[in-house]
Amino acid sequence: MKRITFSFFTMLAIILFATTLWGQEEKKNNLTISGILARYISIEDQEYDWDRHEGYHRGPSPGVELVYMRSLGNSFELGTGINYQLGFVSSYINNHERRFKFNDICVPVLLKRNFRIKKHENWYATTGLYFGKTKNINAEYPTSPGFRPVSDITSTDYYSDDCKYSDLYLDFGYHTSLQKTGVFSFAPFFKYRINSTWLNYHQNKFHFGIKINYSIKF
């Protein structure tokens with residue numbers, strides 16, 4: 001966690017320092033808070049009737065993100081922030097049913113490209129990297145009394161402490177100005193895990209979702 005916090009403040013300092021060369025125009029900064037619904041993809045190495053255990057598959061996983069962005073000219077923005085994501089995923093590997101819940105905490109480094117349509121309406125695309133760590137991993141199986149730390153379930157496949165990750169990120173979105181300083185936007189997004197962690201034996205390296213954002217310009 002200390003490493004993630006250090007990375008966040010380091011990237012923030014770099015952005016603030018680098019963009020001073022672009023002048024002192026008004027409202028070149030914005031702070032965006034996002035609500036997230038993500039869908040993780042399960043790994044199943046054979047067919048299985050999951051309907052035997054009602055509710056074993058979980059719905060979208062909620063999350064929240066806070067990002068500071070700095071304008072680089074008229075079309076580009078560069079930013080960083082902090083992201084928290086609650087995750088749920090099920091798996092069926094080596095005849096073992098498992099369901100996991102976990103927390104992803106990470107620092108994004110993002111480059112955004114705006115495409116102007118009208119004065120107060122724009123499309124945009126964002127790409128970047130998310131550097132983070134999966135924490136508080138718990139697991140259960142159909143006959144267990146509930147979720148327990150994975151280290152307490154000796155039959156958890158391939159368990160290790162390898163939980164740090166880097167994700168490649170891409171989104172395509174639409175935003176419209178609600179007032180002089182506020183912007184509402186939404187975007188479907190896609191993430192791909194560049195490195196493998198032990199949890200990738202149970203979840204696909206690719207996942208997707210949607211973000212609903214509110215930005216304040218200053």
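Position 1 is the first residue of the sequence; numbering continues from there.
- The backbone N or O of Asp162 sits less than 3.5 Å from a side-chain atom of Ser160, completing a donor-acceptor pair.
- A 6.0 Å sphere centred on CZ of Phe189 holds more than 12 heavy atoms belonging to other residues, nucleotides or ligands.
- Ser166 has its side chain within reach of Asn195: a pair of non-hydrogen atoms, C-beta onward, lies under 4.5 Å apart.
- Annotation: side chain of Lys211 is in contact with side chain of Glu65 (closest heavy-atom distance under 4.5 Å).
- Although no hydrogens or angles enter the test, the distance criterion places a donor-acceptor pair under 3.5 Å between the side chain of Asp171 and the main chain of Thr126.
- Tyr165 and Ile194 fall into different hydrophobic clusters, where Ile, Leu, Val, Met, Phe, Trp and Tyr are joined by side-chain heavy atoms under 4.5 Å apart, directly or via other members.
- Between Phe184 and Phe186, the two ring planes are tilted [angle within 30° to 60°].
- Across every non-hydrogen atom of Phe147 and Arg99, the tightest pair is CE2-O, 3.4 Å.
- For Tyr40 and Asn204, the side-chain atoms include no donor-acceptor pair closer than 3.5 Å.
- Considering every non-hydrogen atom in both Ser61 and Phe88, the closest pair reads OG-N, 3.1 Å.
- Remark: Cys106 SG to Asp167 CG distance equals 7.0 Å, nearest 0.5 Å.
- You'll find the ring centres of Tyr130 and Tyr169 inside the 6.0 Å limit.
- Residues Asn103 and Gln85 have side chains not in contact (no heavy-atom distance under 4.5 Å, counting atoms from C-beta outward).
- Thr197 and Lys164 get closest at one heavy-atom pair: CG2-O, 3.2 Å.
- In this structure, Tyr159 has its ring center under 6.0 Å from that of Trp198.
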Requested in this report: Determine, stepwise, if the pair Glu77 / Leu111 fulfils side-chain contact (heavy atoms from CB on, under 4.5 Å).
Outcome: CA-CA 6 Å; Glu77 299 175 42; Leu111 179 65; over 6 Å; no
**Report entry** Candidate pair Ile82 and Val67, rule side-chain contact (heavy atoms from CB on, under 4.5 Å), full reasoning
**Finding:** CA-CA 6 Å; Ile82 191 78; Val67 170; over 6 Å; no
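- Both Ile33 and Val107 are assigned to one and the same hydrophobic cluster, defined by single-linkage of ILVMFWY side chains at heavy-atom distances under 4.5 Å.
- Between Ile137 and Phe102, the shortest heavy-atom distance links the atoms CG1-CB, 4.0 Å.
- When hydrophobic clusters are built by joining Ile, Leu, Val, Met, Phe, Trp and Tyr residues whose side-chain heavy atoms come closer than 4.5 Å, directly or via intermediates, Ile105 is grouped together with Leu66.
- Listed here is the closest heavy atom pair of Pro149 and Asn138: N-OD1, 3.1 Å.
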Query raised in the report: Can you check side-chain contact (heavy atoms from CB on, under 4.5 Å) on Lys28 and Arg70, steps first, answer last?
Result: CA-CA 6 Å; Lys28 293 181 70 70; Arg70 172 78 175 183; 4.0 Å; yes
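- With hydrogens and angles left out, the side-chain atoms of Thr32 and Asn213 include no donor and acceptor closer than 3.5 Å.
- In the hydrophobic clustering of this structure, Tyr214 groups with Tyr174; members are Ile, Leu, Val, Met, Phe, Trp, Tyr whose side-chain heavy atoms approach within less than 4.5 Å, directly or through other members.
- Of all heavy-atom pairs between His175 and Asn114, the closest is NE2-OD1, 3.5 Å.
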Report task. Let me see the working for Phe131 and Val109 under side-chain contact (heavy atoms from CB on, under 4.5 Å), right down to the final yes or no. Result -> CA-CA 8 Å; Phe131 303 97; Val109 180; 4.1 Å; yes
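- Under a hydrophobic-cluster definition in which Ile, Leu, Val, Met, Phe, Trp and Tyr are linked whenever side-chain heavy atoms come within less than 4.5 Å, directly or via other members, Ile210 and Ile41 are assigned to different clusters.
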